[in-house]
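See below for the structure under consideration.
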Protein chains: 2
Amino acid sequence: MTTNHGIGTETSGCGGDEQLPFDVFARNCPSRETLANVTGRWGSLTLGALHEDTLRFNELRRRVEGVSEKMLAQTLHALERDGLVHREAQPTNPPRVDYRLTALGREVTGRLMGLIALLEERMPEILAARGRYDTERGETR
Amino acid sequence: MTTNHGIGTETSGCGGDEQLPFDVFARNCPSRETLANVTGRWGSLTLGALHEDTLRFNELRRRVEGVSEKMLAQTLHALERDGLVHREAQPTNPPRVDYRLTALGREVTGRLMGLIALLEERMPEILAARGRYDTERGETR
DNA sequence: CAGTATCCGAACGGATACTG
DNA sequence: CAGTATCCGTTCGGATACTG
């Protein structure tokens, strides 16, 4: 797309009241926040885990290796708020809460996984590039 | 559970010496770092800017609205190290340095832009979900 | 089980000053 | 122009303890 993304424009009405399209390159566009939620450290892994299964809180904790309770809760809140994840609590005892992707969440996660798959596929090239960079530029660290 | 992504496995040999595929869900997989570089706050915007043009340092600074010198330099180093961006310095005076995407960088950026485009397209739904979430859950926080 | 609350160190990130 | 170095406040994020 060779259109102007408005990267350098200060006038970021960006989708709100105007008919301007949303634009992550615009400084105050809410899409920036969603992008961060989706691609953030735990957001992408959480979506990835839910891409395969409906999961409960502690199941997610076990599957997303390394995430803390705090971060998982925070991540799930953000994704739920953006309408990408659906939370369903059964009023049983002990409590049971299921998390699953919404329709929109599945679409977004699909593209996200596409990006991830490409990176994983090309990691050999990337590691080779790193090796070159690290030897050319001083190892002197 | 359909396919095991190894999310919960501690044994993350992950591509290194073994024949295991790279896996962002594995704790120590180097692909996690690359994913962070690509999707990070300034990484995605920098790649997006270079998707359209070869640019010099200060041109990039102006196009990626809001980035500081420090962050732009840091971001470019990381992307160059991963072999996604190529840096070419002319030994002139004053110095001139051009940044452009590598072939791999163009592929990665393509998918990244696909994700971004979807999010931008669906922002109305996302904002609606936010509105619902914020009113249902107490404003009383 | 499914979270919330708190503490605190580490990392992020902006502003400024300086170098080649 | 193209960066590096430094200072320093803000946020991130893990460990722990506690609630319903």
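Lettering follows sequence order; numbering is per chain, from 1. Values in this document were obtained by computation on a predicted structure and should not be read as measured data.
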Interatomic distance where [atom1] belongs to [X] and [atom2] belongs to [N] [whole Å]:
{"X": "A/Q90", "N": "C/dA2", "atom1": "CD", "atom2": "C1'", "result": "13 Å"}
{"X": "B/L60", "N": "D/dC1", "atom1": "CG", "atom2": "C1'", "result": "14 Å"}
{"X": "B/R56", "N": "D/dC1", "atom1": "CZ", "atom2": "P", "result": "7 Å"}
{"X": "B/L76", "N": "D/dC1", "atom1": "CG", "atom2": "P", "result": "16 Å"}
{"X": "A/L72", "N": "C/dA5", "atom1": "CG", "atom2": "C1'", "result": "17 Å"}
{"X": "A/D98", "N": "C/dA2", "atom1": "CG", "atom2": "C1'", "result": "12 Å"}

Mind checking A/R87 for me? I need base, sugar-phosphate or nothing, with any heavy atom below 4.0 Å counting as a touch.
sugar-phosphate
Under 3.5 Å donor-acceptor, A/R111 side chain and B/G114 backbone:
yes
Using only atom types and a distance under 3.5 Å, with no angle test, would you say the side chain of A/T109 pairs donor to acceptor with the backbone of A/G48?
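Pair absent, no side-chain N/O of A/T109 close to backbone of A/G48.
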Output row for DNA chain D, stems defined as at least 3 consecutive Watson-Crick or G-U pairs under 3.5 Å, is C:1-20 with D:1-20
N/O to N/O distances under 3.5 Å, protein versus nucleotides 18-20 of chain C:
none

Under the rule for side-chain contact (heavy atoms from CB on, under 4.5 Å), what residues qualify as partners of [X], not counting sequence neighbours?
{"X": "A/R56", "value": "A/E59, A/R96, A/D98"}
{"X": "A/E88", "value": "A/H86, A/Q90, A/R100"}
{"X": "A/T34", "value": "A/V38, A/D82, B/L119, B/M123, B/I126, B/R130"}
{"X": "A/R132", "value": "A/A128, A/A129, A/E136"}

Partner residues of A/R41 under the salt bridge (Lys or Arg N to Asp or Glu O under 4.0 Å) criterion, sequence neighbours left out:
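In terms of salt bridge (Lys or Arg N to Asp or Glu O under 4.0 Å), with neighbours along the sequence ignored, A/R41 is linked to no residue.
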Using atom names, set out every protein N or O paired with an N or O of nucleotides 10-13 of chain C below 3.5 Å, distance rounded to 0.1 Å.
unit_1, atom_1, unit_2, atom_2, d
C/dG13, N7, B/K70, NZ, 2.7
C/dG13, O6, B/K70, NZ, 3.4

Just jot down the side-chain hydrogen bond (donor to acceptor under 3.5 Å, both in side chains) partners of [X], sequence neighbours excluded, or say none.
{"X": "A/R81", "result": "B/D134"}
{"X": "A/E121", "result": "none"}
{"X": "A/Q74", "result": "none"}
{"X": "A/R106", "result": "none"}

